[in-house]
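The structure under discussion appears below in the form of structure tokens.
Small disclaimer: the values here were computed from a predicted structure and weren't measured. Below, chain A is the first sequence line, B the second, and so on; all start at residue 1.
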There are 2 protein chains.
Amino acid sequence: MAFKTLSAKSAVALDKELMSTGAFSIDQLMELAGLSVSQAVYRLHPPSKGKNVLIACGPGNNGGDGLVAARHLWHYNYRPTVYYPKQSKNELYQRLATQLNNLGVPFTEDFEGALKDTNHVVDAIFGTSTQPMFKFRDFANRFTGFSFSGEVREPFPAAIKALKETTVPVTSVDAPSSWDIENGPPSEGPGKGFYPTALVSLTAPKPLAKFFHGRHFLGGRFVSPEIAQKYDLELPEYDGIDQIVELDPKTGQKLKL
Amino acid sequence: MAFKTLSAKSAVALDKELMSTGAFSIDQLMELAGLSVSQAVYRLHPPSKGKNVLIACGPGNNGGDGLVAARHLWHYNYRPTVYYPKQSKNELYQRLATQLNNLGVPFTEDFEGALKDTNHVVDAIFGTSTQPMFKFRDFANRFTGFSFSGEVREPFPAAIKALKETTVPVTSVDAPSSWDIENGPPSEGPGKGFYPTALVSLTAPKPLAKFFHGRHFLGGRFVSPEIAQKYDLELPEYDGIDQIVELDPKTGQKLKL
């Protein structure tokens, strides 16, 4: 079977549709997305194997998913640390950060230092569909050929380089940060050669997933059959009450165990 | 150990605090509350034992939790039917109802007819802390001695009577509808003698839980240690990624299996 994916353009349209005809609020969607990510981390790396998790959050929606995941991980008895150097002024993100402050979750500015002391990393720096910076990059890539490294400001290139070089397992949210939605791993810049351990695709895998060969989960158990049909998605069946389902990295179909 | 509970007054204050200093939005809290309820239903009655679930929703927050639970139950492969005779004009509840419409979940006005055709019922008619009608009732109870049945309009008294008389298992959300937060089962009115099969207390058990002897779950895995301390809660440890924990109905402590 073909590896079905959602194009960059369709991913943006689907996200908009979830919040218009779908009637979801961004609070709801982000809560469920972050919950999915936390369940994938638990599956990959239960707290019995080491409780320290470093969550790297970018300034957009991908970072918001990371903030939600960090909260759930705290409740699962992990010891999360959050790297969130460019904190959004957006009211929702501010609230998500306050929720972590209320749990005593530490925020660090020293990503490389924190990496040395962690058992697992969540890469929620850049995602796909709703990440404004990414959309601009995608636009720029297609129309001007600008490279990734030329547009993303520090400290993110340094963080992506550190993610590439670390031996700690990395789970990327929706996309390995710096990867192109359509074309996958970049051929230049700090993300060249960055292959995370695991990927949690949200709503549906994007074309970049075809270039990814690690463990692949799908999250976002909220898509209606009508939307799935409209966007020509073949969503796998989730089991029980799981908010994630593991996919075969080769085919994008549900992994047969 | 004493069965620790959260008084009616404290429950209202705690809910307010979650949304002020706690920085949660009602969307987030309701999503997590409804998710807890859906997980309790799955634990009590997995879809392999019968997929038809009837969710009875009142006009307030308790009903909103029920609408969220219905959506998750649909995604778990149940066939939910929703009884929601007094639909709130509140934007959030309207969106939650639209989310169910988008999944093709049927809404019925015939509660007693729907009861004949279901395997499990969720009672999300009246809750405790954030239910305006309930708060009024609580106020009225304490200051005027008005009875429950005198204040709640049809069709809810008839629905509560049907819940009392049905042989189908009933899971109540936060409170068995018509029970007094402090004093438990009413001594008159349609709810007299209504004992549901299971109760999902949200955030913390209320005093009414001491009068309840069925299976008892706690949901709402989002309370910070600071808030727990302020309200003198002894919250049990949740397991793994569970959004619910089963309590011993006699002691309110985590059930030892």
Side-chain angles (χ1 to χ4, degrees), chain A residues 17-32 34-36 38-43 46-48 67-68 71-78 91-105 220-227 235 237-244, chain B residues 17-32 34-36 38-43 46-48 67-68 71-78 91-105 220-227 235 237-244:
Chain A
E17 180 136 5
L18 284 169
M19 287 188 272
S20 54
T21 56
F24 285 96
S25 67
I26 180 80
D27 286 52
Q28 267 188 301
L29 292 174
M30 201 165 276
E31 190 62 34
L32 293 171
L35 181 70
S36 298
S38 71
Q39 293 196 352
V41 170
Y42 193 94
R43 183 88 63 94
S48 58
L67 296 174
V68 171
R71 171 165 38 82
H72 286 290
L73 291 169
W74 185 91
H75 282 288
Y76 304 161
N77 294 317
Y78 290 90
E91 184 252 351
L92 168 59
Y93 300 156
Q94 288 193 339
R95 285 195 288 98
L96 296 175
T98 300
Q99 290 162 22
L100 291 169
N101 282 321
N102 289 346
L103 296 173
V105 170
R221 194 174 181 179
F222 47 64
V223 180
S224 69
E226 205 174 345
I227 286 187
L235 296 178
E237 284 209 358
Y238 290 73
D239 291 323
I241 59 171
D242 290 353
Q243 297 294 317
I244 51 164
Chain B
E17 180 136 5
L18 285 170
M19 287 188 272
S20 55
T21 56
F24 284 96
S25 66
I26 180 78
D27 287 52
Q28 267 188 300
L29 292 174
M30 200 165 276
E31 191 62 34
L32 293 172
L35 182 69
S36 298
S38 72
Q39 292 195 354
V41 171
Y42 193 94
R43 185 87 63 91
S48 58
L67 297 174
V68 171
R71 171 166 39 82
H72 286 290
L73 290 169
W74 185 91
H75 282 288
Y76 303 161
N77 293 317
Y78 289 90
E91 185 252 350
L92 169 59
Y93 301 156
Q94 288 193 339
R95 285 195 288 98
L96 296 176
T98 300
Q99 290 163 22
L100 291 170
N101 282 321
N102 288 346
L103 296 173
V105 170
R221 195 174 180 178
F222 46 64
V223 179
S224 69
E226 205 174 345
I227 286 187
L235 297 179
E237 284 209 358
Y238 291 73
D239 292 323
I241 59 171
D242 290 352
Q243 297 294 317
I244 50 164

Original post:
Listed by chain and number, what are the salt bridge (charged side-chain N to carboxylate O under 4.0 Å, His left out) partners of B/Glu91, not counting sequence neighbours?
Top reply: B/Arg95
Original post:
So, the side chain of A/Glu31 versus the backbone of A/Val68: is there a donor-acceptor pair under 3.5 Å, distance only?
Top reply: no
Original post:
Using non-hydrogen atoms only, which part of B/Tyr76 is less than 4.5 Å away from chain A: side chain, backbone, both, or neither?
Top reply: both
Original post:
chain B heavy atoms under 4.5 Å from A/Arg71: which part of the residue, side chain, backbone, both or neither?
Top reply: side chain
**OP:** Give a yes or no on whether the backbone of A/Leu73 and the side-chain of A/Ser38 come within a donor-acceptor separation of less than 3.5 Å.
**Re:** no
**OP:** Classify the angle between the aromatic ring planes of A/Tyr42 and A/Tyr78 as parallel (below 30°), tilted (30 to 60°) or perpendicular (above 60°).
**Re:** perpendicular
Original post:
When only pairs under 4.5 Å are counted, which of A/Pro225, A/Ser224, A/Gly240 shares the most heavy-atom pairs with chain B?
Top reply: A/Gly240
Original post:
With chain A, which of B/Leu32, B/Asn77, B/Leu103 has the greatest number of heavy-atom pairs at distances under 4.5 Å?
Top reply: B/Leu32
**OP:** Pick one of side chain, backbone, both or neither for A/Leu96, based on which atoms fall under 4.5 Å of a heavy atom in chain B.
**Re:** side chain
Original post:
With a 4.5 angstrom heavy-atom cut-off, which part of B/Leu35 approaches chain A: side chain, backbone, both or neither?
Top reply: side chain
Original post:
Who are the side-chain contact (heavy atoms from CB on, under 4.5 Å) partners of A/Asn101, not counting sequence neighbours?
Top reply: A/Phe107
Original post:
In terms of heavy-atom pairs under 4.5 Å with chain B, which of A/Asn102, A/Ile227, A/Asp239 leads?
Top reply: A/Asn102
Subject >> Max heavy-atom pair count under 4.5 Å with chain B, selected residue of A/Gln243, A/Glu237, A/Gln28 >> reply: A/Gln28
